[in-house]
K.L.:
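Handing you this structure, nothing more for now.
Residue numbers begin at 1 in each chain, while the letters A, B, ... track the order of the sequences. Everything quoted here is computed from the prediction, not taken from an experiment.
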Number of protein chains: 2
Amino acid sequence: MTEAAFKNWQAVQDEVRRRIHARIWAPGEMIPNEQDLAEEFGCARATVNRALRNLSDAGLLERRRKAGTRVALHPVRKATLNIPMIRKEIEDRGQSYGYERLMYRDGVPPEELSRRMKARAGDRFVRVTSVQTADGAPFVFEDRWINLSTVPAAAAEGFETVSANEWLLTNAPYTEGDIGFFASNASDEVAGVLGCEPGAAIFVIDRVTWDNDRSITGVRQYFRPGYRMETSI
Amino acid sequence: MTEAAFKNWQAVQDEVRRRIHARIWAPGEMIPNEQDLAEEFGCARATVNRALRNLSDAGLLERRRKAGTRVALHPVRKATLNIPMIRKEIEDRGQSYGYERLMYRDGVPPEELSRRMKARAGDRFVRVTSVQTADGAPFVFEDRWINLSTVPAAAAEGFETVSANEWLLTNAPYTEGDIGFFASNASDEVAGVLGCEPGAAIFVIDRVTWDNDRSITGVRQYFRPGYRMETSI
DNA sequence: GAGTGGTCTAGACCACTAA
DNA sequence: TAGTGGTCTAGACCACTCC
C-alpha cells in the first residue's frame with residue numbers, strides 16, 4: 001500500500017472495491033476526485049476513470065460532474081441475464097434438440113398484444129406455435145405472432161423445420177426489445193404440450209422486439225415446470 | 001457519410017450498429033481492424049476501441065486478439081435486470097410500504113441450502129421470515145437464513161422493524177451473489193401469507209450472497225401472483 | 001464561475017493467438 | 001512470428017452542475 005502499485009484499471013477497481021467493502025469509504029460518502037486518486041495510485045487519470053466508470057455502471061458508485069463521486073447508499077444490484085437461443089441452451093447442456101411446429105395461422109393478435117406491438121391499421125400477422133424439446137422431452141412451448149407488414153419475407157416461410165426464433169434472428173434482426181418474466185399456472189393447452197398437470201407453475205418469458213419503431217414479433221415462451229434461470233451478481 | 005463525421009464513440013457505435021443491421025457487415029463476417037476504422041471515421045483508435053468494446057459487451061460483436069472482430073453469428077442478448085430493494089420498488093410506484101416480521105428462530109438450514117451456502121461445521125444460522133406490503137396488500141413473502149458465523153452482529157438484531165434485506169445491505173455488504181428465478185406453486189404457507197389460493201403460480205427469486213468465500217445469507221422471495229419483472233434489451 | 005467527470009488524441013507497449 | 005485487440009500515458013478540451 002505504500003508505493004505506487006496500481007498500474008492497471010482492474011487493480012485500481014479492486015482497491016476501490018476493497019475500500020468500499022472495508023468501510024474506509026462508507027456508503028453515501030464522497031471519495032477523492034480522479035486527479036487525486038491518480039496521483040495516489042501512481043497512474044494516469046484515464047486509468048482511474050475507467051475503473052470508477054466500471055464501478056458506477058455496476059451500481060456501486062454514483063458519479064456526477066462537479067458534484068464528484070460518492071459510494072452508493074443503496075446499491076441497486078444489477079443481474080445480467082443471458083437470453084440464448086433455446087437450441088443453443090439445450091445443446092450446451094449436451095442434450096439433443098428437437099423442434100416441432102404445432103400451428104400456423106393468419107390472424108389478428110389479441111387486443112392487449114396488438115396494443116403492445118403498436119399495430120397499425122392494415123398490419124397483417126401470422127401466429128406460429130411450436131414446441132422445442134430436450135432429449136425428446138418438452139422444454140418450452142412458444143406462442144408467437146409475427147408482424148408480416150414489418151417482415152414480409154416471413155409470409156413465405158412456414159416454420160415447419162426451422163424455428164421462428166432462429167429464422168427471425170437471421171432474417172429480421174431487431175434493434176430493441178422489451179422483455180418480461182413472470183409465473184403463470186399452466187392452461188390446459190400449455191399443460192398438454194409440456195406434458196404436465198394443468199395449473200402447474202410455469203416460468204414465462206414474454207417479449208416484443210422492434211426494428212426501430214416497427215414491431216417484428218411478440219412471443220411468449222412457457223418453460224417446462226422446474227425451469228430455473230440463473231446468473232450471478 | 002462522405003467526410004469524417006464520427007468524432008465520438010457513441011457516433012461510431014451507432015454507425016457500426018447501422019452497418020450490422022443493414023447487413024453491410026453480415027453475421028459471422030469480419031469487420032476491419034481498429035486502425036483502419038479509425039482512419040475511415042477520422043478519429044483516434046481509442047475512440048473506435050471504446051465503441052467496439054461496448055458492442056462486444058452487448059453481445060453484438062466477438063473480438064479476439066490477432067483474429068480480429070466479427071459480427072456475432074448468434075447474438076446472445078443480455079438483459080440487465082435491476083434488483084432493487086423491495087421498499088424502494090414499492091415507494092417508486094407511489095405506494096405505501098409496510099414490513100412485518102413473521103418468524104425469527106435459530107436453526108440449521110435444510111440440507112440443500114446448507115450445501116449451496118457452503119456451511120462449515122459449527123456455523124450458526126438464524127431464520128427470519130417476513131412479509132412486505134404495498135398499500136397494505138401483501139407484496140412479497142421472504143424466507144431467509146442468515147449465517148451468524150459470517151455476520152455475528154446479526155445475532156443482536158431482531159429484524160422486528162427493519163427488514164433483514166436493508167440491515168444486511170448496510171451492515172454486511174457482499175462481494176458476490178448467485179441469483180436464480182423460477183416459478184413455483186404456492187404452498188399453504190405462502191398462500192396464507194400472500195392471501196392467494198394454494199397452488200397459485202408464484203414468481204420466486206432465490207439468492208445467496210457472499211463475503212468473499214463466506215456465505216452471508218440465503219433467501220427466497222415469493223412475489224404476489226401477477227408480479228412481473230421487466231426490462232429491455 | 002469554478003470544479004468535477006466525460007471524452008478525445010497521438011503515441012506507445014503489451015498480451016494473446018492464429019498462421 | 002506477426003497482427004490484432006487491450007491498455008496506459010500525458011495532455012487537452014468540453015459539458016455539466018453546484019455554489
K.L.:
Return yes when atom CZ of A:Arg64 has more than 12 non-hydrogen atoms of other residues, nucleotides or ligands closer than 6.0 Å, and no otherwise.
P.N.:
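It does not: A:Arg64 CZ has 12 such atoms or fewer within range.
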
K.L.:
Calculate the interatomic distance between B:Leu55 atom CG and D:dG6 atom C1'; express it in whole Å.
P.N.:
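Answer to the nearest Å: 16 Å.
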
K.L.:
For the side chain of B:Trp9, starting at C-beta, report the closest nucleotide among C:dT9, C:dC8, D:dT9.
P.N.:
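Looking only at heavy atoms from C-beta outward on B:Trp9, the closest nucleotide is C:dC8.
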
K.L.:
Can a side chain N or O of B:Asn8 be found less than 4.0 Å away from OP1 or OP2 on C:dT7?
P.N.:
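For C:dT7, OP1/OP2 do not have a side-chain N/O of B:Asn8 under 4.0 Å.
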
K.L.:
Quick one: does B:Val76's side chain get under 4.5 Å of A:Ile83's, heavy atoms only?
P.N.:
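No, every pair of side-chain atoms sits at 4.5 Å or beyond.
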
K.L.:
Whole angstrom is fine here: how far is it from CD in A:Gln35 over to P in C:dT4?
P.N.:
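Taking atom P of C:dT4 as the reference, CD of A:Gln35 is at 10 Å.
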
K.L.:
Any side-chain N or O of A:Thr47 below 4.0 angstrom from OP1/OP2 of D:dT9?
P.N.:
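Answer yes for this pair, as a side-chain N or O of A:Thr47 is under 4.0 Å from OP1 or OP2.
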
K.L.:
Please state how far atom CG in B:Asn33 lies from atom P in C:dT17, giving the value in whole angstrom units.
P.N.:
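Result: 18 Å.
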
K.L.:
Do the two ring centres, one from B:Phe139 and one from B:Tyr97, sit under 6.0 Å apart?
P.N.:
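They do not qualify: ring centres at least 6.0 Å apart.
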
K.L.:
Taking atom C1' of D:dT7 as reference, at what distance in whole Å does atom CG of B:Asn54 sit?
P.N.:
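Rounded to whole Å, this separation is 16 Å.
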
K.L.:
In whole angstrom, give the distance that lies between atom CZ of A:Phe41 and atom C1' of D:dA10.
P.N.:
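To the nearest whole Å, that distance equals 19 Å.
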
K.L.:
Would you say the side chains of B:Glu91 and B:Gln95 form a donor-acceptor pair under 3.5 Å?
P.N.:
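Per modelled atom types, B:Glu91 and B:Gln95 side chains form no pair under 3.5 Å.
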
K.L.:
Where does the angle between the aromatic ring planes of B:Phe181 and A:Phe181 fall among parallel (under 30°), tilted (30 to 60°) and perpendicular (over 60°)?
P.N.:
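Geometry flag for A:Phe181 against B:Phe181: parallel rings.
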
K.L.:
Within this structure, what is the CD1-to-C1' distance between B:Ile31 and D:dT4, rounded to whole angstrom?
P.N.:
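So the two atoms are 12 Å apart, to the nearest Å.
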
K.L.:
How far apart are the C-alpha atoms of B:Arg220 and B:Arg207, what are their side-chain angles, what is the distance that settles it, and do they pass the side chain to side chain contact (heavy atoms under 4.5 Å, CB included) test?
P.N.:
CA-CA 6 Å; B:Arg220 280 201 172 163; B:Arg207 191 168 16 167; over 6 Å; no

K.L.:
Does this structure show an ion pair linking A:Glu166 with A:Arg87, if we count only N-O contacts that are shorter than 4.0 Å?
P.N.:
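A:Arg87 and A:Glu166: salt-bridged.
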
K.L.:
Report the distance from atom CZ of B:Arg53 to atom P of D:dT7, rounded to the nearest whole Å.
P.N.:
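After rounding, the reported distance stands at 7 Å.
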
K.L.:
Rounded to whole Å, please give me the gap between CZ in A:Arg50 and C1' in C:dG5.
P.N.:
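Spelled out: CZ on A:Arg50 to C1' on C:dG5 is 16 Å.
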
K.L.:
Taking only the side-chain nitrogens and oxygens of A:Asn49, find out if one of them lies under 4.0 Å from OP1 or OP2 of C:dG5.
P.N.:
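The answer is no; no side-chain N or O of A:Asn49 sits under 4.0 Å from OP1 or OP2.
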
K.L.:
Any side-chain N or O of B:Gln10 under 4.0 Å from OP1/OP2 of C:dG6?
P.N.:
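No, outside the criterion.
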
K.L.:
Can you give one letter per nucleotide of nucleotides 11-19 of chain D, going 5' to 3': B for a protein heavy atom under 4.0 Å from the base, S for sugar-phosphate only, - for none?
P.N.:
-B--BBBB-

